[in-house]
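This is a predicted model, so every value here is computed, not measured.
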Amino acid sequence: MKLSRLINRVALTGLTILGLSTIAGPASAATTVRVAAPNGNSPYIINTDHGAGGYYGELLKKIDQDLPQYKFKTTFTSQNAVFAGLQSGKYDVAMSNFWYNKERFNNYYHTRANGLDDLRLVERKNGKKANSLAEVAKKKLTVVPVSTSDARYSLLANYNQQHPNNKINLKGIGDQTTGDALKQVASGKYDVAVYPYAACKSVQTTAAGKNLTASKSIGLQSSYFLLHKSASNKKLTKAMNKELQKLHDNGYMEKLTKKYLYENTFKLPGAQKAFNAHN
């Protein structure tokens, strides 16, 4: 009798444990993170059949792999739509060469730096030349209009604000791809465009690119992920910051820089000071 009761108790305990296990169910699903990326920004972001590629695309895939509690899903759209969607909350994260901008850093969360850009003046091989923004202004070179939502516009506007007696003739425009902008320099419509070195290098083998050359470096700019402000994204920002710190310290970012950006920007003069300067 005692043995029978013991067997019944063991069986009941087993059923109870099984029941609790069934009620608990599978582990919680990963939180989907909606990422927006602008079109036409190779080699930084490349739209492939397997999602975003290029420097930031591969960096985000590594972050996705290392943060199993999140699932990052990228949508390609125009740059203006990126910011409209980020502001409204349609997207959680914006991915591109987003440099420091006081207004944006106030309006959105931002991560620690996710890359370092080497800025150049892109000119025609047989055209007018300059090696600094001051020379562009002094020689009155014509500059390709820049999208007002682009970090380069803020860079040039800040230069004009700081140099009221030697201003660049800066004109704003809507969305424009890198390729279209550089074609306007190659054709002679404008004298110069301001772009990271990798953007110019990536079009070097095209018909327009063969007629272009890049100046020496005119400065370095750190880039950052921008996030829609919400309680969940505040937590996400902290998780991404921890991961980005790791990927910088273990050399992964440097590896991607050499793979996609035609040079190791982290080894350029002033890189240590410029990287993560606004975080």
Side-chain donor-acceptor pair under 3.5 Å between [X] and [Y], yes or no?
{"X": "S230", "Y": "S232", "value": "yes"}
{"X": "D191", "Y": "T142", "value": "yes"}
{"X": "S96", "Y": "N41", "value": "yes"}
{"X": "N107", "Y": "Q87", "value": "no"}
{"X": "D249", "Y": "Q245", "value": "yes"}
{"X": "N279", "Y": "H110", "value": "yes"}
{"X": "Q184", "Y": "Q176", "value": "yes"}

Surrounding [atom1] of [X] (heavy atoms of other residues, nucleotides or ligands, distance under 6.0 Å), is the total greater than 12?
{"X": "Q69", "atom1": "CD", "value": "yes"}
{"X": "K267", "atom1": "NZ", "value": "no"}
{"X": "K246", "atom1": "NZ", "value": "yes"}
{"X": "K255", "atom1": "NZ", "value": "no"}
{"X": "K73", "atom1": "NZ", "value": "no"}
{"X": "N250", "atom1": "CG", "value": "yes"}

Under 6.0 Å from the ring centre and within 45 degrees of the ring axis: does the NZ or CZ of [X] meet both conditions for the six-membered ring of [Y]?
{"X": "R104", "Y": "F83", "value": "yes"}
{"X": "R34", "Y": "Y91", "value": "no"}
{"X": "R152", "Y": "Y195", "value": "yes"}

Test log, rule side-chain contact (heavy atoms from CB on, under 4.5 Å), inputs Y108 and L86
CA-CA 8 Å; Y108 309 110; L86 194 66; 3.7 Å; yes
Stepwise, does the side-chain contact (heavy atoms from CB on, under 4.5 Å) test hold for Q221 with L119?
CA-CA 7 Å; Q221 289 284 335; L119 303 189; 3.7 Å; yes
Mind running side-chain contact (heavy atoms from CB on, under 4.5 Å) on V122 and V192 for me, showing each step along the way?
CA-CA 5 Å; V122 186; V192 64; 5.7 Å; no
Mind checking whether [X] and [Y] sit in one hydrophobic cluster, side chains of I, L, V, M, F, W, Y counted as touching below 4.5 Å?
{"X": "Y44", "Y": "M95", "result": "yes"}
{"X": "L226", "Y": "V82", "result": "yes"}
{"X": "Y224", "Y": "L155", "result": "no"}
{"X": "L182", "Y": "V194", "result": "no"}
{"X": "F225", "Y": "F98", "result": "no"}

What I'd like to find out is whether the side chain of [X] reaches to under 4.5 Å of the side chain of [Y], using heavy atoms alone.
{"X": "I63", "Y": "F72", "answer": "yes"}
{"X": "I45", "Y": "F76", "answer": "yes"}
{"X": "Y262", "Y": "S202", "answer": "yes"}
{"X": "M253", "Y": "Y55", "answer": "yes"}
{"X": "Y56", "Y": "S223", "answer": "yes"}
{"X": "K62", "Y": "D66", "answer": "yes"}
{"X": "T257", "Y": "E263", "answer": "no"}
{"X": "K125", "Y": "L212", "answer": "no"}

Test side-chain contact (heavy atoms from CB on, under 4.5 Å) on K258 and Y260 and set out the steps.
CA-CA 6 Å; K258 291 187 286 187; Y260 288 106; over 6 Å; no
Testing N158, V146, N101 one by one against Y153 for a side chain to side chain contact (heavy atoms under 4.5 Å, CB included), which residue passes?
V146
Aromatic ring pairing Y159/H163, orientation class (parallel under 30°, perpendicular over 60°, tilted between):
parallel
Exercise: identify the closest heavy-atom pair between [X] and [Y]:
{"X": "S217", "Y": "L220", "result": "OG-CD2, 4.5 Å"}
{"X": "N160", "Y": "I168", "result": "OD1-N, 2.7 Å"}
{"X": "A274", "Y": "S222", "result": "O-OG, 2.8 Å"}
{"X": "P43", "Y": "A198", "result": "CD-O, 3.6 Å"}
{"X": "D117", "Y": "N97", "result": "OD2-ND2, 2.9 Å"}
{"X": "A181", "Y": "V144", "result": "O-CG2, 3.8 Å"}

Close aromatic pair by centroid cut-off 6.0 Å: H228 and Y109:
no
When you look at E58 and K61, which way does the salt bridge (Lys or Arg N to Asp or Glu O under 4.0 Å) test go after all the steps?
CA-CA 5 Å; E58 190 163 333; K61 285 179 181 177; over 6 Å; no
Drop me the distance from E123's CD to T213's OG1, to the nearest 0.5 angstrom.
7.0 Å
